[in-house]
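Ligands are counted one by one from 1 in listed order, and the atoms in each one are counted from 1 as well.
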Amino acid sequence: MFDLTGKTALVTGASGGIGSEIARALAKQGARLALSGSNASKLRSFREELQDQFGGDHVEITCDLSNRDSVEHLVPATVDTLGSISILVNNAGITRDNLAMRMKDEEWDQVMQINLQAAFRLMRAAARPMMKARFGRIVSITSIVGATGNPGQMNYAAAKAGLTGMSKSLAQELATRGVTVNCVAPGFIRTAMTDELPDTQKEALNAKIPMGRMGEGRDIGAAVAYLASDEAGYVTGQTLHVNGGMAMLG
Ligand code: NAP
């Protein structure tokens, strides 16, 4: 099940907490990966770790997602180095939180550039080779807050909700071409950042989750591996919520 042998995948934010688990899940299923991020040395050491763990011939491609030219280069560079692009995972994302009345234009713009505009440009670039190949899987990592909203995150929630609407639109455009377009929406996921929270704050967060605990990066990796697989070929325009029951949507 979910065998990705022979598939090639571009994963943005591949060196991050969730991106690295997505990369592990895809590599474990046999995909060859183009690992992307802005920090070259972080990416290189992660690629070496991935190859030690699962083997495979993966590459790293640095890209600053806040720079238009750098983004436009990423899909062609993936096709050049891997020979094709069967899977695109828009995972990279940033937060620049502030209450609405204090939110600066730059905080809005940075989140839109990296979380939404870069994803649009990567999807647009990946659509052509995927259509030609009559196979493609585009998966974008959104967030529970794109559906529920969150105080202090007007910019982030707007970008994540935008990603959902964008994915549904592209899903309809590409549905007859063997290309599916879906989202995975994590709830609270345990990362280095949440590990540092005081126990009382962790307990307060866990109390909001019916499963009583935060999710793990590998929970998101597994959801992406499923949506990237042949078995998910009839699933498109959907959001898979992975949140321990925190919000039961749809
Ligand atoms: P993270 O650990 O902070 O990783 C972010 C990744 O994005 C890093 O690999 C970083 O690479 C990359 N990135 C940031 N700015 C970039 C830029 N300008 N150009 C290129 N790459 C850039 O974040 P995470 O927690 O794993 O989150 C991954 C995704 O899940 C995000 O879309 C986030 O919104 C979503 N999410 C997370 C949670 C959670 O609880 N953690 C919950 C819901 C949704 P470099 O360091 O190399 O720049």
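Protein heavy atom in closest approach to atom 18 (N) of ligand 1: Asp64 OD1, 3.1 Å. Protein heavy atom closest to atom 12 (C) of ligand 1, with residue, atom name and distance, is Gly13 CA, 3.7 Å. Taking atom 30 (O) of ligand 1 as the reference point, the nearest protein heavy-atom neighbour is Ile141 CG2, 3.4 Å. Closest to atom 25 (O) of ligand 1, if we only count protein heavy atoms, is Thr191 CG2, 4.0 Å. For atom 26 (O) of ligand 1, the closest non-hydrogen atom on the protein side is Ile18 N, 2.7 Å. Nearest to atom 11 (O) of ligand 1 among the protein's heavy atoms is Ser15 OG, 3.7 Å. Here the protein heavy atom with the shortest distance to atom 29 (C) of ligand 1 is Asn91 O, 3.1 Å. The nearest protein atom to atom 21 (N) of ligand 1, hydrogens excluded, is given as Ser38 N, 3.7 Å; this is a heavy-atom distance.
A distance of 10.5 Å separates CG in Asn115 from CD in Gln110, rounded to the nearest 0.5 Å. Within the model, atoms CD1 of Ile138 and CG of Leu174 stand 6.0 Å from one another, a figure rounded to the nearest 0.5 Å. One distance of note links CG of Asp3 with NZ of Lys28; it measures 13.0 Å at 0.5 Å rounding. Rounded to the nearest 0.5 Å, atoms CE (Met130) and OG (Ser86) are 7.0 Å apart.
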Please list, one pair per line, the donor and acceptor atoms closer than 3.5 Å that link side chains of residues 195-203 to other protein atoms, with sequence neighbours excluded.
from, atom 1, to, atom 2, distance (Å)
Asp195, OD1, Arg190, NH1, 3.1
Asp195, OD2, Arg190, NH1, 3.4
Lys202, NZ, Asp195, O, 3.2

Show me the donor-acceptor pairs, under 3.5 Å and distance only, between side chains in residues 99-109 and residues at least two apart or in other chains.
from, atom 1, to, atom 2, distance (Å)
Glu107, OE1, Asn98, ND2, 3.1
Glu107, OE1, Lys104, N, 2.9
Glu107, OE2, Asn98, ND2, 3.4

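Contact between Lys160 and ligand 1 is present, with at least one heavy atom of the residue lying under 4.0 Å from the ligand. The shell of residues lying under 4.0 angstrom from ligand 1, judged by heavy atoms, includes Gly187.
Between Thr62 and Leu43, the shortest heavy-atom contact is CG2-CD1, 3.9 Å. Looking at every heavy atom in both residues, Met123 comes nearest to Asn90 through CG-ND2, 3.7 Å.
With hydrogens and angles left out, the side-chain atoms of Asn150 and Thr148 include no donor and acceptor closer than 3.5 Å.
Between Leu10 and Val89, the closest side-chain pair of non-hydrogen atoms is not below 4.5 Å.
Close contacts between ligand 1 and Ile94 involve ligand atoms 14 (C), 15 (N) [criterion: under 4.0 Å to a heavy atom]. Those atoms of ligand 1 that come under 4.0 Å of a heavy atom in Ala92, given as number and element, are 7 (O), 12 (C), 32 (O). Applying the 4.0 Å criterion to heavy atoms of Cys63 picks out, from ligand 1, the atoms 19 (N), 20 (C). Near Gly93, meaning under 4.0 Å from any of its heavy atoms, are these atoms of ligand 1: 5 (C), 7 (O), 31 (C), 32 (O). Of all atoms in ligand 1, numbered sequentially from 1 with element shown, those under 4.0 Å from a heavy atom of Gly17 are 2 (O), 26 (O). Counting atoms of ligand 1 from 1 in the listed order, those under 4.0 Å from a heavy atom of Ser143 are 43 (C), 44 (C). Close approach of ligand 1 to Thr142 is summarised as follows: ligand atoms under 4.0 Å from at least one heavy atom of the residue are 35 (C), 44 (C). Under a 4.0 Å criterion applied to the non-hydrogen atoms of Lys42, ligand 1 contributes the atoms 45 (P), 46 (O).
Of the protein's heavy atoms, none falls inside 4.0 Å of atom 16 (C) of ligand 1. Within a 4.0 Å radius of atom 23 (O) of ligand 1, the protein contributes no heavy atom. At a distance under 4.0 Å, no protein heavy atom can be found next to atom 3 (O) of ligand 1.
Ligand 1 has a nitrogen or oxygen under 3.5 angstrom from a nitrogen or oxygen of Ile189. By the 3.5 Å distance cut-off applied to N or O atoms, Pro186 is not counted among the residues near ligand 1. The distance criterion of under 3.5 Å between nitrogen or oxygen atoms is not met by Phe188 with respect to ligand 1.
No side-chain donor-acceptor contact under 3.5 Å links Thr142 to the backbone of Cys183. At distances below 3.5 Å, at least one donor-acceptor pair connects side-chain atoms of Thr12 with backbone N or O atoms of Asn91.
Counting heavy atoms closer than 4.0 Å to ligand 1, residue Ala118 contributes nothing at all.
Here Arg218 does not pair with Glu21 in a salt bridge; the nearest charged N to carboxylate O distance is not below 4.0 Å.
Among Leu240, Thr239, Leu227, the single residue meeting the side chain to side chain contact (heavy atoms under 4.5 Å, CB included) criterion with Asn182 is Leu227.
The neighbour count for Arg124 CZ, taken as heavy atoms of other residues, nucleotides or ligands under 6.0 Å away, is above 12.
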